[in-house]
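The next block holds one structure in the form of structure tokens; read it before the comments.
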Amino acid sequence: MTKGKMTSYRWTICALLFFATTINYMDRQVLSLTWKDFIAPEFHWTNNDYGNITALFSSFYAISLLLAGRFVDWMDTKKGFLWAIGVWSVGACLHAFCGIATSGITTGNWFVGFEGAKEAIRLVNDTGLVISVSVTLFIFARFVLAVGEAGNFPAAIKATAEYFPKKDRAFSTSIFNAGATVGALAAPLTIPFIADWYGWEMSFIIIGALGFVWMGFWVFMYDKPEKHRRVNEHELEYINQDDIADSKLEGYVAETKTKVSLWKCFQYNQTWAFAFGKFMTDGVWWFFLFWTPAYLSSVYGMDSTQAAFPLFILYAITLLSIGGGWLPTYFVEKKGMHPYAGRMKAMLIFAFFPLLALVAQPLGHVSYWLPVIIIGIAGAAHQSWSANIFTTVGDMFPKKAIATITGIGGLAGGIGSTLINKGSGLLFDFSQRNWSTVNGQNLLEKYPELQNEASREAFLKAQNSPNLDAFLKSLAASGQEVVNGINSGYMIIFCVCGVCYLIGWAVMKALVPKYKPITDL
């Protein structure tokens, strides 16, 4: 090692984690930015079809997180991360071939290319078959994507615990976690235009290929800090400062190399606090991520390219979350608080900002920019909350258990995400059918054909509309007075999102009121 001034290679590792998270979120955003304008018309999807796909993705992701945490702890950080991003990049690219596979299954035409598949599917009279086959294929692609993406956060949190002391972990986590925001930010500026110019299939392939590029950097740039030639003794001492401080605590037991028992992890209040916090709040972020493009389309009539700039502004606002990682450091260094106490105080502050979502939909009648800004602020609060809740694991659990505990919390967050995504799809279709009016008359009274699925499918096909949303837009375009009931559906979901963080914080605080590290794992 080189003596003298302390090196800062830990921030290079943080940058690698940032770019991995950016790619991770771009890959999962491709579908949300292409389904409404490009994929739904081709395959006749409804909100519920999309809701099913996103809900199942959340379920796959949740279950995979539990296994991914164990996998990363077993394989260790370097190999575990390589496997994760390799699998999810393959899954991202698989989406592009769902159209060809749908053509092959429904018409027998397999070797037709992307445009040939579109033409073949267009000639299929059984739209129910097209919907069923295409949704199933996309679910499979999302399954592969979810299995791989589940490894990102357990591996990244483990790498952060290896390279940063506790007082810096929230800040470093907020930096790499900002990759989620940057990925969401870059997605609307690139993906809709790639889809418009080269076809929606190429947007999956181009964005998916970025992961393979990242893998090359990771292979050559990552190693354990105690083994890395770019980390000198002063930086290593700085990184390991908590080991010295914790050794002075009463009842301290040095960390061993024994395997972590998954079931024993559930015996600790710290595990349940982390899991409940994730369950209550992860779904809020995923709802905003997966449904905001559809929200701008259904409520404000924007196509994917028109929504690009508002989405850019929205996700640019969420970059304020980087300051959320700094706030606990301020409480620790300036106010003399313990890292855990400072973190919980910061999380309470962040929990109040999502309450603004309660007024997002009503203020949309003034300008669509108001809900865009409010969702951006709520997103920034979530990312600040997320950076801090992740680091509560590193605060209290030994390094060998961090990925496993992160996976348990991810499972809980995925369950919450599944519920909100599936519930949103059902609610939006229900509210659109049952609460919409045309010229002051209830939609189902004016068009009784829309009351059941079979007649609705035939009616919409006769109207040359791929789904109910497009039909309502065509009525509005023809000069009729249309009130889309989906607006009320979004209002309900926004209210749910607004209160989740305060509930999550209150339960976490009740379960773990004070800092107590786990020493018997």
Side-chain angles (χ1 to χ4, degrees), residues 25-40 45-59 61 135 138 142 180-181 183-185 187-188 191-192 281-304 306-308 310-315 317-318 354 356-358 360-361 364 368 370-379 382-383 413-414 416-432 467-470 472-473 484-498 500:
Y25 268 76
M26 288 190 75
D27 282 333
R28 71 177 68 177
Q29 274 288 82
V30 179
L31 182 62
S32 67
L33 289 165
T34 54
W35 84 274
K36 199 75 171 179
D37 291 340
F38 301 98
I39 298 175
W45 288 0
T46 65
N47 286 305
N48 189 42
D49 294 321
Y50 176 67
N52 285 335
I53 293 171
T54 57
L56 284 170
F57 172 80
S58 299
S59 298
Y61 185 78
V135 167
F138 271 89
R142 297 307 272 182
T181 300
L185 188 67
I191 292 166
T281 59
D282 272 16
V284 177
W285 172 252
W286 284 43
F287 169 76
F288 288 143
L289 195 71
F290 289 152
W291 286 97
T292 299
Y295 169 68
L296 294 176
S297 174
S298 295
V299 177
Y300 301 105
M302 299 182 190
D303 62 29
S304 58
Q306 291 170 331
L311 288 172
F312 173 83
I313 297 299
L314 187 157
Y315 293 120
I317 294 171
T318 64
L356 289 170
L358 298 174
Q361 183 61 12
Y368 67 83
L370 292 175
V372 164
I373 292 170
I374 287 172
I375 293 171
I377 293 171
H382 171 84
Q383 292 298 75
S417 300
T418 300
L419 294 175
I420 197 169
N421 277 297
K422 176 59 180 174
S424 296
L426 289 171
L427 176 61
F428 296 156
D429 275 345
F430 175 85
S431 59
Q432 200 165 50
N467 50 48
L468 182 58
D469 193 50
L472 290 173
K473 288 179 181 177
N484 195 337
I486 203 171
N487 295 9
S488 299
Y490 276 104
M491 176 67 190
I492 292 171
I493 298 297
F494 283 169
C495 289
V496 172
C497 292
C500 283

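- Between Phe494 and Phe288, the angle of the ring planes lies from 30° to 60°, which puts this pair in the tilted group.
- For the pair Pro188 and Leu33, the tightest heavy-atom approach, listed with the atom from each and the gap, is N-CD1, 3.6 Å.
- Residues passing the ring-ring contact (aromatic ring centres under 6.0 Å, His included) test with Trp286, sequence neighbours excluded: Phe57, Tyr61, Phe290.
- When every heavy atom of Asp469 is checked against every heavy atom of Gln432, the shortest pair comes out as OD1-NE2, 3.0 Å.
- Among Ile377, Thr318, Asp282, the single residue meeting the side-chain contact (heavy atoms from CB on, under 4.5 Å) criterion with His382 is Asp282.
- Between Phe287 and Phe428, the ring-plane angle classifies as tilted under the 30° and 60° cut-offs.
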Exercise for the section: Apply the test side chain to side chain contact (heavy atoms under 4.5 Å, CB included) to residues Leu296 and Val372: give CA-CA distance (whole Å), side-chain angles for both, the deciding distance (0.1 Å), then the verdict. Expected result: CA-CA 9 Å; Leu296 294 176; Val372 164; 4.1 Å; yes
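- When the side chain to side chain donor-acceptor pair (under 3.5 Å) test is applied to Trp35, no partner is found at least two apart in sequence or on another chain.
- Separation of atoms CG (Leu311) and CG (Leu314) is listed at 6.5 Å; rounding is to 0.5 Å.
- Counted by atom type alone, Ser58 and Lys422 present zero donor-acceptor pairs between their side chains at under 3.5 Å.
- With sequence neighbours excluded, no residue satisfies side chain to side chain donor-acceptor pair (under 3.5 Å) with Ser424.
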Handout entry: Worked verdict on Ile39 versus Tyr50 for side chain to side chain contact (heavy atoms under 4.5 Å, CB included)
Key = CA-CA 10 Å; Ile39 298 175; Tyr50 176 67; over 6 Å; no
Exercise for the section: Would you please test Ile486 and Tyr295 for side chain to side chain contact (heavy atoms under 4.5 Å, CB included) and show each step? Expected result: CA-CA 9 Å; Ile486 203 171; Tyr295 169 68; over 6 Å; no
Exercise for the section: Run the numbers on Phe138 and Asn52 for side chain to side chain contact (heavy atoms under 4.5 Å, CB included), then give the verdict. Expected result: CA-CA 11 Å; Phe138 271 89; Asn52 285 335; over 6 Å; no
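- Remark: Ser59 engages Thr418 in a side chain to side chain donor-acceptor pair (under 3.5 Å) (not counting sequence neighbours).
- Asn467 places a side-chain N or O within donor-acceptor distance of the main-chain N or O of Trp45, the cut-off being under 3.5 Å.
- For the atom pair CG (Asn48) and CD1 (Ile53), the distance works out to 10.0 Å, reported to the nearest 0.5 Å.
- Atom OG of Ser431 sits about 7.5 Å away from atom CG of Asn484, to the nearest 0.5 Å.
- In this structure, CG in Leu427 is found 5.0 Å from CD1 in Ile492, a value given to the nearest 0.5 Å.
- In terms of the ring-ring contact (aromatic ring centres under 6.0 Å, His included) criterion, Tyr315 has no residue partners (sequence neighbours excluded).
- For the residue pair Cys497 and Ile420, the shortest heavy atom distance occurs at SG-CD1, 3.9 Å.
- Closest non-hydrogen pair, Ser32 versus Pro293, comes out as O-CB, 3.7 Å.
- Arg142 pairs by the salt bridge (charged side-chain N to carboxylate O under 4.0 Å, His left out) definition with nothing, not counting sequence neighbours.
- With values rounded to the nearest 0.5 angstrom, Thr292 atom OG1 is found 8.0 Å from Tyr490 atom OH.
- The heavy-atom pair separating Gln29 from Ala187 by the smallest distance is CB-CB, 3.8 Å.
- Side-chain contact check for Asp429 versus Leu468: every heavy-atom pair is 4.5 Å or farther apart.
- Contact between Ser297 and Lys36 at its shortest, heavy atoms only, is OG-CG, 3.5 Å.
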